[in-house]
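Quick notes on the structure that follows.
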Amino acid sequence: MTITPGRLVAFLTPVIFAPLAGSISVLAARYLPGVDIDQGSLQAIFIAGATIAFGKAALWLKGWQDWEKREADASGDIADLPLDHAEVHDDDGLDQESALADDPVAEEDPVADEDSVDGEELDFDDGDLEDLLAAPVAPGNEE
């Protein structure tokens, strides 16, 4: 197994980079001339510095993964996905539709055969919907 730069960054960020960024932030806050920060705020400054390091590492990893994806697509290393049920490859490697695609039963509307609710025909038109949406009911204003 080779260690790629992405794996290296993913491993080293919580172990080295984030604590180092937090420590540098605290040292800068403590010893920078003209900056007066109380000792209680140093922990918040450490957390902010470490958080910035995590954010930058995540951004770098996203860019690295996008680059790897573009490289894989360009070199033709695309994973073979399973064929759709309507596709069949012949001996020449060409796609041809299967006999299932010509099945007349598949063209029928499955909803047309459904029974109506409780044996009654549903009679609903756009006017009913407009009546329902015309006057919204506010709390305390019920009809």
Side-chain angles (χ1 to χ4, degrees), residues 1-118 120-141:
M1 178 167 98
T2 61
I3 297 177
T4 63
R7 289 182 179 166
L8 191 63
V9 168
F11 174 72
L12 291 179
T13 297
V15 175
I16 294 175
F17 298 145
L20 184 63
S23 299
I24 291 171
S25 299
V26 168
L27 290 174
R30 183 181 290 169
Y31 297 114
L32 197 63
V35 178
D36 185 28
I37 297 178
D38 61 344
Q39 295 294 328
S41 298
L42 292 180
Q43 182 179 6
I45 292 172
F46 180 89
I47 292 171
T51 303
I52 290 170
F54 279 120
K56 293 296 181 180
L59 184 64
W60 186 89
L61 285 171
K62 166 104 173 65
W64 178 258
Q65 289 175 343
D66 289 345
W67 180 82
E68 283 182 327
K69 182 180 178 186
R70 280 193 309 268
E71 288 296 311
D73 289 346
S75 66
D77 294 339
I78 300 173
D80 290 332
L81 299 175
L83 295 175
D84 193 18
H85 62 82
E87 290 182 352
V88 176
H89 288 289
D90 63 3
D91 293 336
D92 297 331
L94 301 174
D95 291 340
Q96 295 185 4
E97 292 185 22
S98 67
L100 293 175
D102 297 330
D103 190 12
V105 178
E107 294 177 12
E108 294 179 8
D109 186 16
V111 179
D113 294 336
E114 291 183 5
D115 292 335
S116 60
V117 178
D118 295 331
E120 298 176 12
E121 184 67 33
L122 294 178
D123 187 26
F124 188 81
D125 60 354
D126 291 337
D128 295 335
L129 182 60
E130 290 173 4
D131 292 341
L132 289 172
L133 297 176
V137 178
N141 225 9

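Residue numbers count from 1 along this sequence.
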Provide the closest heavy-atom pair for [X] versus [Y] in the form atom of the first, atom of the second, distance.
{"X": "Arg30", "Y": "Leu42", "result": "NH2-CD1, 3.3 Å"}
{"X": "Ile47", "Y": "Thr51", "result": "O-OG1, 2.7 Å"}
{"X": "Trp60", "Y": "Gly6", "result": "CZ3-CA, 3.8 Å"}
{"X": "Ala53", "Y": "Ala21", "result": "CB-CB, 3.7 Å"}
{"X": "Gly49", "Y": "Ser25", "result": "CA-OG, 3.4 Å"}
{"X": "Thr13", "Y": "Pro19", "result": "O-CD, 4.0 Å"}

Inset, instruction - For residues Val9 and Trp64, determine if any side-chain heavy atom of one lies less than 4.5 Å from a side-chain heavy atom of the other. - result: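 Heavy-atom side-chain distance check fails, nothing below 4.5 Å.
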Between [atom1] on residue [X] and [atom2] on residue [Y], distance to nearest 0.5 Å:
{"X": "Leu27", "Y": "Ile45", "atom1": "CG", "atom2": "CD1", "answer": "11.0 Å"}
{"X": "Leu12", "Y": "Ile16", "atom1": "CG", "atom2": "CD1", "answer": "5.0 Å"}
{"X": "Leu61", "Y": "Gln65", "atom1": "CG", "atom2": "CD", "answer": "6.5 Å"}

Heavy atoms from other residues, nucleotides or ligands near [atom1] of [X] exceed 12 (cutoff 6.0 Å):
{"X": "Gln43", "atom1": "CD", "result": "no"}
{"X": "Ile3", "atom1": "CD1", "result": "no"}
{"X": "Phe54", "atom1": "CZ", "result": "yes"}
{"X": "Asp36", "atom1": "CG", "result": "no"}

Legend entry - SB check Lys69 Asp73 (cutoff 4.0 Å):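 Salt bridge between Lys69 and Asp73, a charged N being under 4.0 Å from a carboxylate O: no.
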